[in-house]
> 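Here's a structure for you.
When reading the values below, keep in mind they use all heavy atoms of this one structure, side chains included, and skip hydrogens, waters and symmetry mates. Since the model is a prediction, treat every value here as computed from it, not as a measurement.
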Amino acid sequence: MALQAVKGMNDVLPDEVARWHRVEALAREVFGAHGYREIRPPLLEVTELFERSVGDTTDIVQKEMYTFENRSAERGDAKRLTLRPEGTAGVVRAYVEHKMWGQSDEHRFYYLGPMFRHERPQKGRFRQFHQVGCEALGMPGPGIDVEMLSMLQQFLTAAGVGGLYFQLNTLGCPTCRAAGLAALKAYFEPHRAALCADCQRRLDQNALRVLDCKVEADQALARGAPTVLSSVLACTQGCGDHYRAVRAGLDALKVPFQENPLLVRGLDYYTRTVFEACSSELGSQSAVTGGGRYDRLVEEFGGQPTPAIGFALGVERLLMLQKDVVSARGPELSVVVAEESARSSAMVLVQGLRARGTWCDLDHSGKSVKSQMRRADKAGSTWVLVLGGLEMQAGKATLKNLRGGASKDVALEIDHIQAVIRSATPGAPSANP
RNA sequence: GCGGGUGUAGCUCAGAUGGUAGAGCAGAGGAUUGUGACUCCUCGUGUCGCGGGUUCGAUUCCCGUCACUCGCCCCA
């Protein structure tokens with residue numbers, strides 16, 4: 001069998017790249033306007049980083065990471081490395097490693113690039129996928145939570161996402177969450193035998209997840225369960241106030257959201273505010289963006305206690321939501337060689353035009369003029385210059401406009417030709433012939 | 001890890017209740033000498049995913065296998 005790409009790892013072909021560029025440019029523009037600066041951590045980190053941040057009971061760590069031994073194991077210096085399954089851990093590690101808290105109170109970073117998770121691929125889910133993410137560190141108050149959702153709304157709207165809605169929840173701090181989880185477990189424990197196999201496991205590992213189960217009988221049970229949200233709202237550490245302030249802030253900025261007490265995120269490090277941006281047009285992988293607060297992670301990595309919040313956005317999923325077509329542009333000029341005697345002069349001309357930044361196409365096939373003309377048209381060229389013995393002798397030629405404009409006679413001088421091409425609006429009748 | 005679907009020309013697909021296959025698009029050449037688009041003419045290619053089985057004969061039936069795809073789990 002012929003060689004092919006690894007399962008779940010897709011080529012982004014040239015026709016699609018324009019759309020990627022557009023999303024990346026928009027991210028830089030919108031996030032940049034909010035004060036975020038790009039950071040580029042490595043794709044490879046020590047495995048322990050993810051085990052400690054994402055959480056070793058999560059699916060990601062338990063069965064989805066691309067992990068292998070570093071080659072230094074050959075020298076007895078064994079180290080397990082992992083291709084990053086998400087972006088936050090690396091950013092926080094870099095922040096701590098470079099002791100950036102000393103430089104100022106607040107930091108805002110964005111990153112973009114590939115992430116790796118060994119899952120069964122399906123629509124909107126790949127083993128190598130791409131995320132754009134933001135992390136805001138050093139801001140404890142609800143203001144940054146609100147600002148981040150507002151920024152996301154702006155970004156996603158500008159990116160052309162239809163059917164957009166936010167889901168919001170709070171997981172509280174370790175104290176009130178523990179109280180809520182304890183109540184939850186106490187509620188489910190008597191019914192343990194009635195739960196599905198998955199939920200019996202979840203009850204021990206992550207009781208919150210039982211609430212999110214899709215099995216009918218479990219859902220019925222879950223409806224009567226005490227919500228963690230109610231514990232959080234009663235929290236003595238201010239978790240409830242924080243959440244209420246976020247809601248009020250979102251209302252004030254007219255960022256539409258729906259509260260979802262069952263919203264759980266897959267990573268262990270989240271605290272307080274968690275959210276997802278979803279689209280009804282995505283099928284079963286409905287989330288385009290997920291994120292939340294992680295107030296304890298920096299400290300756990302050995303940094304100063306630093307509250308933080310962030311999100312990650314799936315680029316492939318975003319692209320699936322864009323229905324418009326980015327039309328490819330063609331060369332400004334195609335040079336047709338009508339007779340071989342003119343070829344070397346044509347190449348000199350093209351070389352000069354390209355050196356001045358003109359996108360210039362020269363046919364090397366030696367085929368008929370008709371054939372070269374066809375190719376120029378299909379390539380989307382605006383102008384065509386036919387060069388043969390006649391033109392060489394006369395020192396001038398006709399610039400033919402393929403897009404409905406007027407053709408022009410030009411001297412075979414690089415600057416002159418470029419000036420004519422650049423001055424005329426493609427497709428529009430020339431105002432000054 | 002568990003289910004479902006699909007695998008026929010570069011692409012999108014049709015097809016024979018078993019006798020080695022087609023249509024559109026794309027591509028190439030041409031319609032008087034060196035000028036695109038619209039139109040017209042001409043032309044090609046396929047180990048019918050792979051390996052077995054049944055059969056005189058299979059791409060069509062059976063079994064296996066691989067790949068892709070959708071869904072579950074979970075997530076961006």
> To the side chain of A:Gln131, which of B:G34, B:G36, B:A76 is closest?
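Closest nucleotide among those given: B:A76.
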> Salt bridge or not between A:Glu38 and A:Arg28? Use side-chain N to carboxylate O under 4.0 Å.
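Answer for the salt bridge query: yes.
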> As a test of reading the structure: which of B:C72, B:C74, B:C75 is closest to the side chain of A:Glu119, going by heavy atoms?
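So the nucleotide nearest the side chain must be B:C74.
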> Whole angstrom is fine here: how far is it from CG in A:Leu321 over to P in B:A76?
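Those two atoms, CG and P, are 16 Å apart.
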> With respect to the side chain of A:Val386, which nucleotide from B:U35, B:G29, B:A76 is positioned closest?
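Minimum distance to the A:Val386 side chain belongs to B:U35.
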> Which atom pair, heavy atoms only, marks the closest approach of A:Gln153 to A:Pro256?
NE2-CD, 3.3 Å
> Categorize A:Ser368 for me: base, sugar-phosphate, or nothing, with a 4.0 angstrom heavy-atom threshold over every strand shown.
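A:Ser368: backbone/sugar contact only, no base atoms under 4.0 Å.
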> Give RNA chain B the dot-bracket treatment, 5' to 3': Watson-Crick (N1-N3 with N6-O4 or O6-N4) or G-U (N1-O2, O6-N3) under 3.5 Å, [ ] crossing, | other strand.
(((((((..((((........)))).(((((.......))))).....(((((.......))))))))))))....
> Any base atoms under 4.0 Å from A:Leu267, or only sugar-phosphate, or nothing? Heavy atoms, all strands.
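The residue A:Leu267 makes sugar-phosphate contact but no base contact.
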> Measure the spacing between CD of A:Glu45 and OG1 of A:Thr67 and express it to the nearest 0.5 Å.
12.0 Å
> Please name the pair of heavy atoms, one in A:Gly35 and one in A:Arg108, separated by the smallest distance, quoted to 0.1 Å.
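The pair with the smallest heavy-atom distance is O-CB, 3.7 Å.
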> Could you work out which one of B:G1, B:A31, B:G34 sits closest to the side chain of A:Arg120?
B:G1
> Students often get this wrong, so: under 4.0 angstrom with heavy atoms, is A:Ser371 touching a base, only sugar-phosphate, or nothing?
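It contacts sugar-phosphate atoms only.
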> May I ask you to evaluate whether A:Thr58 reaches the phosphate of B:C74, defined as a side-chain N or O under 4.0 Å from OP1 or OP2?
no
> What's the closest nucleotide to the side chain of A:Arg317 if the choices are B:C75, B:G29, B:G27?
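My answer, after comparing the listed nucleotides, is B:C75.
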> Which part of the nucleic acid, if any, lies within contact of A:Glu316, taking any heavy atom under 4.0 Å across all strands shown: a base, the sugar-phosphate backbone alone, or nothing?
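Here A:Glu316 touches no strand at all.
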> Using a heavy-atom cut-off of 4.0 Å across all strands, would you classify A:Lys7 as base, sugar-phosphate, or nothing?
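Contact class for A:Lys7: sugar-phosphate only.
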> May I ask you to say what A:Phe311 touches in the nucleic acid, namely base, sugar-phosphate or nothing, with a heavy-atom cut-off under 4.0 Å?
nothing
> Taking the side chain of A:Leu402 as its heavy atoms from C-beta onward, which of B:U35, B:A76, B:G36 lies nearest to it?
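Per side-chain heavy atoms of A:Leu402, the pick is B:G36.
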> Side chain of A:Asp59 only, heavy atoms from C-beta on: which candidate in B:C70, B:C74, B:U35 is closest?
B:C74
> Inspect the contact between A:Glu276 and A:Arg265 and indicate whether a charged nitrogen and a carboxylate oxygen are less than 4.0 angstrom apart.
yes
> Could you check A:Phe129, A:Phe126, A:Tyr66 and say which one makes a ring pair (Phe, Tyr, Trp, His ring centres under 6.0 Å) with A:His118?
A:Tyr66
> Would you say the side-chain atoms of A:Asp409 and A:Thr398 include a donor-acceptor pair closer than 3.5 Å?
yes
> Go through B:A37, B:A76, B:G34 for me and flag the one nearest to the A:Arg374 side chain.
B:A37
> A:Arg127 has an atom CZ; how far is it from atom C1' of B:C74, in whole Å?
14 Å
> Can you check whether A:Lys378 has a side-chain N or O nearer than 4.0 Å to OP1 or OP2 of B:G27?
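Indeed, a polar side-chain atom of A:Lys378 lies that close.
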> Between A:Val315 and A:Met373, who's closer to the 5' end of RNA chain B by nearest nucleotide?
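Its nearest nucleotide being more 5', the pick is A:Met373.
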> Taking the side chain of A:Arg403 as its heavy atoms from C-beta onward, which of B:G36, B:C70, B:G34 lies nearest to it?
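It is B:G36.
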> Heavy atoms only, 4.0 Å cut-off, all strands: where does A:Ala376 land among base, sugar-phosphate and nothing?
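Result for A:Ala376 = nothing.
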> Heavy atoms only, 4.0 Å cut-off, all strands: where does A:Gln128 land among base, sugar-phosphate and nothing?
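The answer is nothing, as A:Gln128 stays clear of every strand by at least 4.0 Å.
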> Can you find a side-chain donor-acceptor pair between A:Tyr243 and A:Glu259 that sits under 3.5 Å?
yes
> By nearest atom, which of the nucleotides B:G71, B:G34, B:G29 is closest to the A:Ala338 side chain?
B:G34
> What's the gap between B:U47 and B:G10 when it is taken at their P atoms, as a whole Å value?
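Straight-line distance between the two P atoms is 7 Å.
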> Thinking salt bridges, do A:Arg117 and A:Asp59 make one under a 4.0 Å N-O criterion?
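Not counted as a salt bridge, because no side-chain N and carboxylate O are separated by less than 4.0 Å.
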> May I ask you to verify if any side-chain N or O of A:Gln122 is less than 4.0 angstrom from the OP1 or OP2 atom of B:G71?
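Answer yes for this pair, as a side-chain N or O of A:Gln122 is under 4.0 Å from OP1 or OP2.
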> Determine the contact category for A:Gly389: base if any of its heavy atoms lies under 4.0 Å from a base atom, sugar-phosphate if only primed atoms, P, OP1 or OP2 are that close, otherwise nothing.
base
> Of A:Arg375 and A:Gly290, whose closest RNA chain B nucleotide lies nearer the 5' terminus?
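Its nearest nucleotide lies further toward 5', so the answer is A:Arg375.
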> Send over the distance from A:Glu135 CD to B:A76 C1', rounded to a whole Å.
13 Å
